[in-house]
Protein chains: 2
Amino acid sequence: MLKNALLGFLNYSPMTGYALKQQMDGSTSHFWHAKLSQIYSTLKVLEEDGMISSIIEEQETRPDRRVYSITESGQQQLCVWLNEPLTETGSTKSLLLLKLFFSAQLDKKAIVTQLRLQRQLHEQGMIFYQTETKALIAGIVKQHKGMKKDALFWEATRRFGELCEETYVRWLDETIQIMEEKL
Amino acid sequence: MLKNALLGFLNYSPMTGYALKQQMDGSTSHFWHAKLSQIYSTLKVLEEDGMISSIIEEQETRPDRRVYSITESGQQQLCVWLNEPLTETGSTKSLLLLKLFFSAQLDKKAIVTQLRLQRQLHEQGMIFYQTETKALIAGIVKQHKGMKKDALFWEATRRFGELCEETYVRWLDETIQIMEEKL
DNA sequence: ATTATCATGTAAAAGGTTACATGATTTG
DNA sequence: CAAATCATGTAACCTTTTACATGATAAT
């Protein structure tokens, strides 16, 4: 699905692989992310498939850049994908939960330390969504008034991130208390 | 990490690959899952590495089964893994969120239909954790009183699943309302 | 001076999914 | 009689991560 994510971003405007990475990190990273190496190789495949096209821009002070643009086929493909209904819920993988599931043999101290560290990290995440991510969206809307409709959807995903982190913090507090009482 | 998950289950008791799949489906599936084919091939690697050993049990009415047991090396490895601290939060991938992020070009009806379907699925998930998963854990504790400590950890992961589904339902209700008002 | 940023890629390995292949027994 | 369950595996393919490789400029 990285293919579709890249098409989605290139549908906003032409960009380099490097810029696509930054866009993802700044917007979808809490529900979709990729390494630069994967982005570059996926862009290559997308171009071979005619979904995007690229031109090399020479720069004086910076290295040459390959700027990708979405083609008509690409826009069509993006549209098809967006219209496909999702009939299942996504399946997650969480190392924290997996470890915790098997942690009966660990001592109380190690468990509580682990949980407290996670609590801190998720609290930071929550604050990040409430401030920086929110400001980022507001900033784009201010610059590009035509993006107001898009921003409604970005805000929905931001809000989900915020609620998830809130849930994590709540659950971790609850779990730390139980572990301290009953272990 | 599937390797460690399998070691975790085999540390409870010896089992076949088929049974491991069932155990995972019934307990860790909301934060860790695997296909049978991957389980079989991973068990092969674990045995080559001396983490587990297997014997073939012949059965009369059923196909022969290969029963795996954890070795001392395996228990050691499991213990090492459990003690490694997690200094990061896990990164998720969600198709629903990814699609929603780029959905400004879809029409209102398609979006709301999609969100309503997801709401229904997550409500079902929530109820599942509150009833069936809860009953499953209680059942094991009744049968094996020695598992009471383990059950504390299983319950913590179950509770997380429940809270996550609750969050999903809340967020979906909120988002459906916004889409109906502002789109 | 050193670190961060800009900028692009390749190659190998690990992780994971889908499809193929088999076949008896039990349940509805 | 059909479908589900028990039971095991292989092979091809796709996705993702990690490591390697390079090199200039801008900021601290």
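Numbers restart at 1 for each chain; the letters A, B, ... are given by sequence-line order, proteins then strands. As a basis for the values below, the full set of heavy atoms in this structure was taken, side chains included, without hydrogen atoms, waters or symmetry mates.
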Inset, instruction - Measure the distance from NZ on Lys93(B) to P on dT17(C) and round it to the nearest whole Å. - result: 12 Å

Legend entry - First-last contacting nucleotides on DNA chain D - partner chain B, under 4.0 angstrom, heavy atom: dT5(D) to dT16(D)

Inset, instruction - Would you give a per-nucleotide map of nucleotides 23-28 of chain C, 5' to 3', where B means the base has a protein non-hydrogen atom under 4.0 Å away, S means only the sugar-phosphate does, and - means neither? - result: B-SS--

Inset, instruction - Run the numbers on Tyr68(B) and Leu6(B) for side-chain contact (heavy atoms from CB on, under 4.5 Å), then give the verdict. - result: CA-CA 10 Å; Tyr68(B) 288 95; Leu6(B) 295 175; over 6 Å; no

Legend entry - Lys/Arg-Asp/Glu bridge criterion (N-O < 4.0 Å) met for Arg158(B), Glu165(B): no

Legend entry - Arg66(A) bridged to Glu58(A) by N-O distance under 4.0 Å: no

Inset, instruction - Give the ring-plane orientation class for Phe9(B) versus Phe102(A), where under 30° counts as parallel, over 60° as perpendicular and anything between as tilted. - result: perpendicular

Inset, instruction - For the pair His122(A) and Tyr168(A), name the ring-plane relationship: parallel under 30°, tilted 30 to 60°, perpendicular over 60°. - result: parallel

Legend entry - Pair Thr167(A)-Thr167(B), side-chain donor/acceptor within less than 3.5 Å: yes

Legend entry - Side-chain donor-acceptor pair present, Asp64(A), Gln59(A), cut-off under 3.5 Å: no

Please report the shortest heavy-atom distance between [X] and [Y], naming the atom on each side.
X: Met179(A); Y: Ala156(B); result: CE-CB, 4.4 Å
X: Gln75(B); Y: Asn11(B); result: NE2-OD1, 3.1 Å
X: Thr71(B); Y: Gly50(B); result: OG1-O, 2.7 Å

Inset, instruction - List in numerical order all residues of residues 23-47 of chain A for which some heavy atom is under 4.0 Å away from an atom belonging to DNA chain D. - result: His33(A), Lys35(A), Ser37(A), Gln38(A)

Inset, instruction - Please list residues of residues 10-20 of chain A whose heavy atoms come under 4.0 Å from any atom in DNA chain D, ordered by number; otherwise none. - result: none

Inset, instruction - Take Arg65(B) and Ser91(B), find for each the nucleotide of DNA chain D with the closest heavy atom, and name the residue whose nucleotide sits nearer the 5' end. - result: Arg65(B)

Inset, instruction - Apply ring-ring contact (aromatic ring centres under 6.0 Å, His included) to Tyr129(B) and list each qualifying residue two or more places apart in sequence or on a separate chain. - result: His30(B)

Legend entry - Sugar-phosphate, base or nothing in reach of Lys3(A), heavy atoms under 4.0 Å: nothing

Inset, instruction - Report which part of the nucleic acid Gln22(B) touches: base, sugar-phosphate, or nothing (heavy-atom distance under 4.0 Å, all strands). - result: sugar-phosphate

Inset, instruction - Could you list all the side-chain hydrogen bond (donor to acceptor under 3.5 Å, both in side chains) pairs where at least one residue sits in residues 35-52 of chain B, not counting sequence neighbours? - result: Glu47(B)-Ser54(B)

Legend entry - Verdict with reasoning, Glu181(B) to Gln177(B), per side-chain contact (heavy atoms from CB on, under 4.5 Å): CA-CA 6 Å; Glu181(B) 274 174 26; Gln177(B) 219 195 321; 3.4 Å; yes

